[in-house]
A.B. asks: 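Below are the structure tokens for one structure; questions will follow.
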There are 4 protein chains.
Amino acid sequence: MGPILVTRTGRPRSADADRAILAATRQALVELGWGKLTMGDVAARAGVAKTTLYRRWANKNELVVDAVAALFDELRLPDRGSLAADVEGVVLQFGELLERPETKTALMAVVAESTHDPGLRSRIRHAIVDRQKRLVETGRRRAQSRGELPDDTGDPASATRNADLIFDVIAGTVVHRILVSGEPVDPSWAHAFTALLVGGLPAAMTHA
Amino acid sequence: MGPILVTRTGRPRSADADRAILAATRQALVELGWGKLTMGDVAARAGVAKTTLYRRWANKNELVVDAVAALFDELRLPDRGSLAADVEGVVLQFGELLERPETKTALMAVVAESTHDPGLRSRIRHAIVDRQKRLVETGRRRAQSRGELPDDTGDPASATRNADLIFDVIAGTVVHRILVSGEPVDPSWAHAFTALLVGGLPAAMTHA
Amino acid sequence: MGPILVTRTGRPRSADADRAILAATRQALVELGWGKLTMGDVAARAGVAKTTLYRRWANKNELVVDAVAALFDELRLPDRGSLAADVEGVVLQFGELLERPETKTALMAVVAESTHDPGLRSRIRHAIVDRQKRLVETGRRRAQSRGELPDDTGDPASATRNADLIFDVIAGTVVHRILVSGEPVDPSWAHAFTALLVGGLPAAMTHA
Amino acid sequence: MGPILVTRTGRPRSADADRAILAATRQALVELGWGKLTMGDVAARAGVAKTTLYRRWANKNELVVDAVAALFDELRLPDRGSLAADVEGVVLQFGELLERPETKTALMAVVAESTHDPGLRSRIRHAIVDRQKRLVETGRRRAQSRGELPDDTGDPASATRNADLIFDVIAGTVVHRILVSGEPVDPSWAHAFTALLVGGLPAAMTHA
DNA sequence: GCATAAACGAGACGGTACGTCCCGTCTTAGA
DNA sequence: TCTAAGACGGGACGTACCGTCTCGTTTATGC
């Protein structure tokens, strides 16, 4: 079908402005943090009037979530030959991602704001979180094809519960390690964590 | 020997005011969230002048961290007879704690603010996080005395790394489950998660 | 030739707001006096945000001086046929003006503040005081054309000194009578004062 | 009858403190002006607690008027041999007094505050203004004994009106010259002003 | 090629909260 | 009882951003 072409009259919105605004938002977020980031400052960095921001996003939250969402799409799951190696690889990737200031600040800030804003919460979930679950799914299928994990039982709900648990364990542990404990995700820690996770998987799958 | 008695001149600060302010802060945090919480509102709730807040805390961040810290001291580790039962118990307790609005909001907000404020970060670490590591330590000793875990090797650094890993896994996973995935920590999930963790422990301990 | 048209960008300032603010300032000054007049209150009376005040005036002093300056422009010097009658007329007018609460409060307050603020002092001098010297000049020319006073000698500095002296005597005496002595400027007092002044003029002009 | 001896129990008030407070008030008034003078600052300069100020004066106004009143008692009227010389002498003295910063600031500030505070107004009138009218009285009697002015008629009210007028003219003109016009009271100006006043006196006395 | 219409920059607007300063009162301990 | 010290409730200050609202100008499209 292709994109719907709405021929509208008047001057079209500038795509340059969009890009400049999102980039400026990420930059400001790193330098100032959520609380000190101001719309006026973002506009100035982007070389754009404040009005232009408000024509595109209703408020600060929406703008920041959009500015941040793309950052989390770079995670990949190359085939490293075994389930353990795949997990260890994604743990290290995720660690590197979260140690970058813009990602670190953005994720926590946006989650914090969401704790009392259901709309923002679901926006985050769809724009950021759910998109990463594909990695767990890919890993599981690959492990099954290698014979490292049993095939799915007849219960798809059980499989989903399992995937969600693993996702929470990996994402949660790495986030906590970096943002709360303030320790780095280095290869030796990733190795130990992977051992724990992969070692526990068989037991977990019988309880899910 | 004993506490130093500093005889200070002038009218002493009111301990009632301290308590009222911290309670008002927690209440306001629940109702309004971090972003909408204002010092003036907290002062009014506490029946106190705004200046009285600023005499005690330099700004909003410091006040909120102090107000929140006490909430996390209620976690206990009663002996339930086995390592798995102990872990499951603390996971459920922590889940309940985090599902309360004041804890949920407070923790994330404070962590988010801390991502660009090293002083605040260390204040959180000392006032909130490190104090909970006692639970992991207690659990490990108890499991060793039951024979569920091997005695410490000669390497105390290894033991510390292990404890930190387990702490990050438990705290991180529960936090992620509730705050990011937005799912409840109910008994069946706690059971599955505990199985994963306890099942993986032996493997983890050989890699730490 | 003609006024320079400065095309400025952005939304222009509201002239209505200017007027409303100045009027509200005068009203508040009468009701509350200088010390109790607050910027927030003026803003509220004017139906305007406090920021709108601060966009136009740097502080309370500047605002009040501007608000007050206009009041003194209503003094006129109609031709009453003789120098004595002209002087008596302006003394009575000035007396009436100064017995109005807003003028009374405003003038003293503003002069008092100015005693330790050179900038404010010169602002007052230009905005209020110097503009009234026109009255002395008009009166002198009129008296000369009537033959009541000799024509200017060749020394313009002498004429200026004379005018300034007369201005200080009239303004100072009326102000002191009303604000310090707290007595009214009624016709009989005005008559006596005029007799003193006009009687002394020939002597003064030979010494200036 | 002498001072009333009230034998009171407890520690007596310190007379040193009184002196130190009044001196500190005058000093602060010069440096800061009325508007910026604060009770806390005065207390600190005087080496005294704020409480001690409030035990002696009810508020800022009362304190400042008392601190300032004494300054105006130094005017004298030595006999210079003629009415004109006496007037010129007191004009120059008053000019010098008003050019001192503490007097200048104090007088205007206190008058300004008084415009909306009747109590303060009468306190000023009694403590400062009326005490100076003795000078006019002395000068008049001396001129009469020299034969420069006619003896009092049978109408004492007329004499009083006359004295008040002369007082307003002298005080008002000098104050206006210094505080409003911002020009100095130098000998040549004093000479011209005296000529005006003395030249006008005969005419004024027939109208009073 | 000229009218239409939306986007654009600039910046003023009504608001809200900030953190500071000072007021005048109060509560301690000590002289 | 007075004093020094300093905490207290209160209120205004002047600042910083918010998100909205005019303006005059620019830039596409469609008649």
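A, B, ... follow the sequence lines: proteins, then strands. Residue 1 opens every chain. Only heavy atoms go into these numbers, but all of them, side chains included; no hydrogens, no water, no symmetry mates.
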A.B. asks: Rounded to whole Å, how long is the line connecting atom CG of Asp16(C) with atom P of dG14(E)?
C.D. replies: 11 Å
A.B. asks: Compare the minimum distances between each of dT20(E), dA4(F), dC18(F) and the side chain of Lys50(A), then state the nucleotide with the smallest one.
C.D. replies: dC18(F)
A.B. asks: Between Tyr54(B) and Gly47(C), which has a closest nucleotide on DNA chain E that is more 5'?
C.D. replies: Gly47(C)
A.B. asks: Tell me which of Ala58(A) and Asp18(B) sits closer to the 5' end of DNA chain F, going by the nucleotide each one is nearest to.
C.D. replies: Asp18(B)
A.B. asks: Do Thr52(A) and Ile21(A) have side chains that get closer than 4.5 Å, going by heavy atoms?
C.D. replies: yes
A.B. asks: Between P on dA7(E) and CZ on Arg56(A), what's the gap in Å once rounded to a whole number?
C.D. replies: 9 Å
A.B. asks: Within the structure shown, what part of the strands sits under 4.0 Å from Thr51(A) by heavy-atom distance: base, sugar-phosphate, or nothing?
C.D. replies: base
A.B. asks: Can you work out whether Arg11(A) or Leu37(A) has the more 5'-proximal nearest nucleotide on DNA chain F?
C.D. replies: Leu37(A)
A.B. asks: Ignoring backbone atoms, establish whether Arg55(C) has a side-chain N or O less than 4.0 Å from OP1 or OP2 of dG14(F).
C.D. replies: no
A.B. asks: In this structure, how many angstroms lie between the P atom of dA17(E) and the CZ atom of Arg45(B), rounded?
C.D. replies: 12 Å
A.B. asks: Write down the distance between CD (Glu62(A)) and P (dG19(F)), rounded to a whole number of angstrom.
C.D. replies: 11 Å
A.B. asks: Under 4.0 Å between a Lys/Arg side-chain N and an Asp/Glu carboxylate O for Asp41(C) and Lys36(C)?
C.D. replies: no
A.B. asks: Look at all strands and tell whether Leu53(C) reaches a base, only sugar-phosphate, or nothing, counting heavy atoms closer than 4.0 Å.
C.D. replies: nothing
A.B. asks: Does a salt bridge link Asp18(B) with Arg56(B), judged by any charged N lying under 4.0 Å from a carboxylate O?
C.D. replies: yes
A.B. asks: Give the nucleotide from the list dC22(E), dC18(E), dC8(E) with an atom nearest to the side chain of Thr38(D).
C.D. replies: dC22(E)
A.B. asks: Heavy atoms under 4.0 Å, any strand shown: does Gly35(B) hit a base, just sugar-phosphate, or nothing?
C.D. replies: nothing
A.B. asks: In this structure, how many angstroms lie between the P atom of dA7(F) and the CH2 atom of Trp57(B), rounded?
C.D. replies: 14 Å
A.B. asks: Between Arg45(C) and Glu31(C), is there a salt bridge with N-O shorter than 4.0 Å?
C.D. replies: yes
A.B. asks: Hey, does the side chain of Arg13(C) come within less than 4.0 Å of dG11(E)'s phosphate (OP1/OP2), counting only N and O?
C.D. replies: no
A.B. asks: Counting only N and O atoms by type, is there a donor-acceptor contact under 3.5 Å from the side chain of Asn59(D) to the main-chain atoms of Glu62(D)?
C.D. replies: yes
A.B. asks: Is there a side-chain polar atom (N or O) of Thr52(D) under 4.0 Å from OP1 or OP2 of dC2(F)?
C.D. replies: no
A.B. asks: Measure CD1/Ile21(A) against C1'/dG9(E) and give the value in whole Å, please.
C.D. replies: 13 Å
A.B. asks: Mind calculating the distance between CG (Leu63(A)) and P (dG19(F)) to the nearest angstrom?
C.D. replies: 10 Å
A.B. asks: Let me spell it out: for each of Lys60(B) and Ala49(C), pick the nucleotide of DNA chain E with the closest heavy atom. Which residue's pick is nearer the 5' end?
C.D. replies: Ala49(C)
A.B. asks: Find the distance Lys36(B):NZ to dC18(F):C1' and express it as a whole number of Å.
C.D. replies: 12 Å
